[in-house]
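Here the structure is laid out as structure tokens; the discussion comes afterwards.
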2 protein chains.
Amino acid sequence: MSVNAREAILAEAKCAAQKHGYNGINFRNIAAEIGIKNASIYYHFASKASLGAAVANRYWQDTVQYLETIRSTSADAAEALTRYPTIFRKSLEDDNRLCLSSFMAAEYEDLPLEVKVEIQAFVDANVAWLSHVLSEKGTGSSEDYKKQALAIYTAVAGAQLVARTRQNTEIFDELIATYQQTGLIPIS
Amino acid sequence: MSVNAREAILAEAKCAAQKHGYNGINFRNIAAEIGIKNASIYYHFASKASLGAAVANRYWQDTVQYLETIRSTSADAAEALTRYPTIFRKSLEDDNRLCLSSFMAAEYEDLPLEVKVEIQAFVDANVAWLSHVLSEKGTGSSEDYKKQALAIYTAVAGAQLVARTRQNTEIFDELIATYQQTGLIPIS
DNA sequence: ACCTGAACACCGTTCAAGT
DNA sequence: ACCTGAACACCGTTCAAGT
């Protein structure tokens with residue numbers, strides 16, 4: 001708690017956002033959880049918007065790092081592509097949480113600008129990574145890779161949403177398998 | 001307004017839900033919009049949960065009807081499949097609104113049970129319709145149709161979410177085109 | 001049958017005040 | 001440097017009271 005209140009607030013806020021969305025970030029809950037008063041949060045963050053932006057920023061930066069790990073530990077592009085959905089699967093497994101971005105995409109219109117910017121950065125990072133991996137294994141144009149990358153990201157994020165609704169991780173796996181069988185996600 | 005307050009409340013609530021989600025349904029706003037006081041809404045609906053469920057119920061029933069229209073006015077299954085995404089496209093065009101279900105999928109964990117039930121009914125109706133259309137044109141097993149139907153629904157709903165984030169209907173069209181090119185959505 | 005005013009607890013936010 | 005109590009406007013909800 002008191003080692004670093006700022007980090008504790010961030011961690012609680014991230015967890016709340018993955019479970020209930022931006023709207024579910026509750027200052028009084030967070031404060032109670034880490035043993036301070038809700039007014040104290042304002043010493044560390046200027047506003048809920050600012051806290052939300054910090055959470056989203058940390059989130060996509062962590063994701064970029066994880067994506068890099070997948071690439072560097074995969075034998076080839078095909079393996080990296082196959083492992084990509086695990087990012088989304090992990091949050092589902094872990095307490096049925098949602099990718100921050102999927103959540104906030106729904107809430108998007110009502111989000112403060114500074115949060116929108118970070119959410120957009122997350123999507124961009126995913127598409128950039130996927131485009132690069134696709135280009136390593138394919139022969140299409142750069143435009144095609146971008147389109148396919150966005151399509152894969154979209155479908156996988158959608159799968160997380162639907163699977164969460166059913167509270168069933170198997171549905172996520174089946175959806176990914178169907179994407180692979182139909183050819184949306186290349187497998188070899 | 002006073003011709004039928006109940007219907008006026010439903011209409012306002014639906015619009016709010018498509019723009020801001022269940023959480024964005026605001027009794028004081030709705031009341032002001034139709035010229036009554038927020039306490040009056042409780043005469044027509046027992047709670048916000050009840051109003052939300054009524055909105056979602058009306059929504060999926062309208063969708064079922066629209067899907068039937070697509071089928072009965074399509075020359076064949078392939079045409080019906082091609083026209084399927086228009087349902088999601090229309091709400092985007094119309095003021096950048098979101099399919100109720102995509103919204104509430106994000107909010108799902110926090111939704112009252114009676115609302116969850118209606119959201120699930122919407123997804124089921126879509127999957128049933130898609131399965132049927134797929135079976136009319138294909139030769140796979142019934143299990144395969146269901147899986148592919150859910151995959152198509154998931155990917156199209158995801159496309160709506162992503163396109164909304166970019167406030168750009170073209171992105172929706174490009175995503176659908178990519179789904180068709182890769183084979184997720186059969187085209188002939 | 002339909003609507004209202006007043007009150008409740010809850011939440012983001014502010015601010016003057018404490019150590 | 002970090003935290004707090006008290007107050008504000010906002011929201012879902014209740015309820016006794018109005019026509």
Between [atom2] on [N] and [atom1] on [X], what's the gap in Å once rounded to a whole number?
| X | N | atom1 | atom2 | result |
| --- | --- | --- | --- | --- |
| A/Y42 | C/dG18 | OH | P | 22 Å |
| A/N38 | C/dC15 | CG | P | 15 Å |
| B/K48 | D/dT14 | NZ | C1' | 17 Å |
| A/F45 | C/dT14 | CZ | P | 16 Å |
| B/R28 | D/dT13 | CZ | P | 11 Å |
| B/I9 | C/dC2 | CD1 | P | 11 Å |
| B/R6 | C/dA1 | CZ | P | 15 Å |

Do [X] and [Y] have a side chain donor and acceptor closer than 3.5 Å?
| X | Y | result |
| --- | --- | --- |
| B/Y179 | B/E174 | no |
| A/S91 | A/Q160 | yes |
| A/T169 | A/R89 | no |
| B/Q61 | B/N57 | yes |

Checklist entry - Does anything in residues 10-24 of chain B reach DNA chain C, meaning a heavy atom under 4.0 Å, and if so which residues? => result none
What's [X] touching, base or sugar-phosphate or nothing? Going by heavy atoms closer than 4.0 Å.
| X | result |
| --- | --- |
| A/I25 | sugar-phosphate |
| B/I41 | nothing |
| B/Y43 | base |

Item to check | is_close_aromatic(B/F172, B/F88), centroid dist under 6.0 Å | outcome: no
Checklist entry - Parallel, tilted or perpendicular: which describes the rings of B/W129 and B/Y84, with under 30° parallel and over 60° perpendicular? => result parallel
Kindly give the heavy-atom pair with the smallest separation between [X] and [Y], and that separation in Å.
| X | Y | value |
| --- | --- | --- |
| A/S102 | B/L161 | O-CD1, 4.3 Å |
| A/A8 | A/I34 | CB-CG2, 3.9 Å |
| A/L130 | A/Y153 | CD1-N, 3.9 Å |

Please determine whether a side-chain nitrogen or oxygen atom of [X] lies at a distance below 4.0 Å from atom OP1 or OP2 of [N].
| X | N | value |
| --- | --- | --- |
| A/H44 | D/dA1 | no |
| A/S40 | D/dT4 | yes |
| A/K37 | D/dC3 | no |

Checklist outcome for this item: Taking for B/F27 and for A/I36 the nucleotide of DNA chain D with the nearest heavy atom, the one nearer the 5' end belongs to A/I36
Item to check | Atom pair CH2 (A/W60) and CG (A/N126), whose distance is rounded to the nearest 0.5 Å | outcome: 11.0 Å
Checklist entry - Which sits closer to the 5' end of DNA chain C, A/N26 or A/A39, going by the nucleotide each is nearest to? => result A/N26
Checklist entry - So what stems show up for DNA chain D if we need 3 or more Watson-Crick or G-U pairs in a row, all under 3.5 Å? => result C:4-8 with D:12-16, C:12-16 with D:4-8
